[in-house]
Amino acid sequence: QKEVEQDPGPLSVPEGAIVSLNCTYSNSAFQYFMWYRQYSRKGPELLMYTYSSGNKEDGRFTAQVDKSSKYISLFIRDSQPSDSATYLCAMSAGREYNFNKFYFGSGTKLNVKP
Amino acid sequence: DGGITQSPKYLFRKEGQNVTLSCEQNLNHDAMYWYRQDPGQGLRLIYYSQIVNDFQKGDIAEGYSVSREKKESFPLTVTSAQKNPTAFYLCASRGTSGSYEQYFGPGTRLTVT
């Protein structure tokens with residue numbers, strides 16, 4: 001079983017839709033959670049960073065962490081064609097574990113149609 | 001501008017040659033990483049370094065070597081022992097005090113023929 005599971009998609013939505021992207025994980029030691037956006041042939045760009053549980057909002061993006069269910073989500077409101085990219089989730093454990101190692105989902109490819 | 005630079009963007013080599021990929025950061029981050037990305041396989045960790053003059057093997061270190069002589073720099077050498085070196089290589093760094101998110105460079109596309 002992989003440490004982090006993410007549906008590869010592709011996910012195709014019309015412009016203006018609300019997009020929900022998700023990852024599940026198995027290691028209860030994970031405390032730091034990140035979402036990245038990656039355009040083709042580019043490096044991943046950090047979108048959201050969350051420590052422990054709860055919600056975080058930044059513009060059209062909302063990140064949610066549910067540690068009890070080992071489940072994280074990224075919501076994109078009013079999706080735009082420019083949001084078309086691959087979205088990667090990533091996580092790492094606290095300092096009492098292997099703090100400096102990150103675990104990535106395989107990425108979900110999103111296509112927002114005009 | 002603070003960030004991570006990787007050079008070159010595209011690199012072509014003949015089989016049997018060693019090649020070194022550059023990674024520099026001016027974020028004052030202690031930890032640096034090298035990942036390999038292949039289509040449909042996500043990111044795989046090659047090496048990481050938590051501090052100058054120290055580094056650890058990741059999940060796919062065979063055929064690769066690194067050095068960390070300066071905090072800002074973490075070059076990766078792809079040796080002739082790496083059986084399938086053609087890939088997209090990503091360098092990343094992470095702060096170790098107060099802010100623990102990881103940032104990536106723009107990547108180097110290596111093609112070996």
Side-chain angles (χ1 to χ4, degrees), chain A residues 1-10 21 23-25 29-52 56 58 61 63 65 72 74 85-109, chain B residues 2-7 9-10 21 23 25 27 29-51 54-61 68 74 87-111:
Chain A
Q1 184 189 7
K2 287 185 181 178
E3 299 261 13
V4 180
E5 298 278 1
Q6 184 177 9
D7 188 330
L21 303 165
C23 288
T24 58
Y25 62 94
F30 290 150
Q31 293 190 37
Y32 303 94
F33 303 92
M34 286 137 282
W35 284 97
Y36 293 88
R37 177 175 63 196
Q38 186 177 24
Y39 295 113
S40 182
R41 301 179 185 274
K42 304 286 186 186
E45 172 195 6
L46 180 65
L47 281 178
M48 301 290 283
Y49 166 68
T50 311
Y51 170 68
S52 195
K56 186 173 183 179
D58 184 1
F61 299 93
V65 175
I72 68 171
L74 178 71
T86 296
Y87 290 79
L88 302 164
C89 63
M91 45 201 81
S92 70
R95 285 190 173 276
E96 62 272 26
Y97 299 99
N98 192 346
F99 172 70
N100 271 307
K101 189 168 182 182
F102 285 76
Y103 297 83
F104 288 83
S106 55
T108 299
K109 189 167 185 178
Chain B
I4 302 170
T5 56
Q6 290 185 245
S7 60
K9 189 173 182 180
Y10 298 98
L21 282 59
C23 176
Q25 55 98 359
L27 299 167
H29 285 173
D30 288 313
M32 295 188 74
Y33 305 77
W34 275 105
Y35 294 91
R36 170 181 172 139
Q37 189 173 38
D38 297 281
Q41 292 203 43
L43 291 169
R44 292 186 289 169
L45 180 64
I46 304 173
Y47 269 98
Y48 66 103
S49 168
Q50 300 180 75
I51 197 170
D54 183 60
F55 46 82
Q56 288 79 41
K57 292 182 179 180
D59 302 316
I60 56 163
R68 186 86 188 276
F74 190 42
F88 188 49
Y89 290 88
L90 288 160
C91 179
S93 70
R94 181 190 206 183
T96 48
S97 60
S99 172
Y100 303 116
E101 60 266 44
Q102 186 177 65
Y103 294 93
F104 283 86
T108 293
R109 173 70 185 177
L110 173 64
T111 302

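Everything numeric here is computed off the predicted structure, so don't read it as measured data. Here is how names work: the chains are called A, B, and so on, in the same order as the sequence lines, proteins then strands, and each is numbered from 1.
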* Contacting moiety of A/P44, where chain B heavy atoms sit under 4.5 Å -> both
* Asked: Parallel, tilted or perpendicular: which describes the rings of B/F55 and B/Y47, with under 30° parallel and over 60° perpendicular?
  -> perpendicular
* Any idea how B/F104 and B/Y35 line up, ring-wise: parallel (<30°), tilted (30 to 60°), or perpendicular (>60°)? -> tilted
* For the candidates B/A31, B/P106, B/G107, which exhibits the highest count of non-hydrogen atom pairs separated by less than 4.5 Å from chain A? -> B/P106
* Structure fact -> Honestly, the part of A/Q38 sitting under 4.5 Å from a heavy atom of chain B is side chain
* Which bit of B/Q56 is near chain A, if near means a heavy-atom gap under 4.5 Å: side chain, backbone, both or neither? -> neither
* Structure fact -> Honestly, the part of B/Y48 sitting under 4.5 Å from a heavy atom of chain A is side chain
* Should the pair B/D38-B/R36 be classified as a salt bridge under the 4.0 Å nitrogen-to-oxygen rule? -> yes
* Kindly compute the distance separating CE (A/M34) from CG (A/L47), expressed to the nearest 0.5 Å. => 12.5 Å
* To do: Kindly check if the number of other-residue, nucleotide or ligand heavy atoms within 6.0 Å of NZ (A/K42) is above 12?
  => no
* Structure fact -> CZ (A/F104) and CG (B/L45) are apart, to the nearest 0.5 Å, by 8.5 Å
* Segment of A/T86 engaging chain B (4.5 angstrom heavy-atom cut-off) -> neither
* To do: Using non-hydrogen atoms and a 4.5 Å limit, figure out which bit of A/Y36 sits close to chain B: side chain, backbone, both or neither.
  => side chain
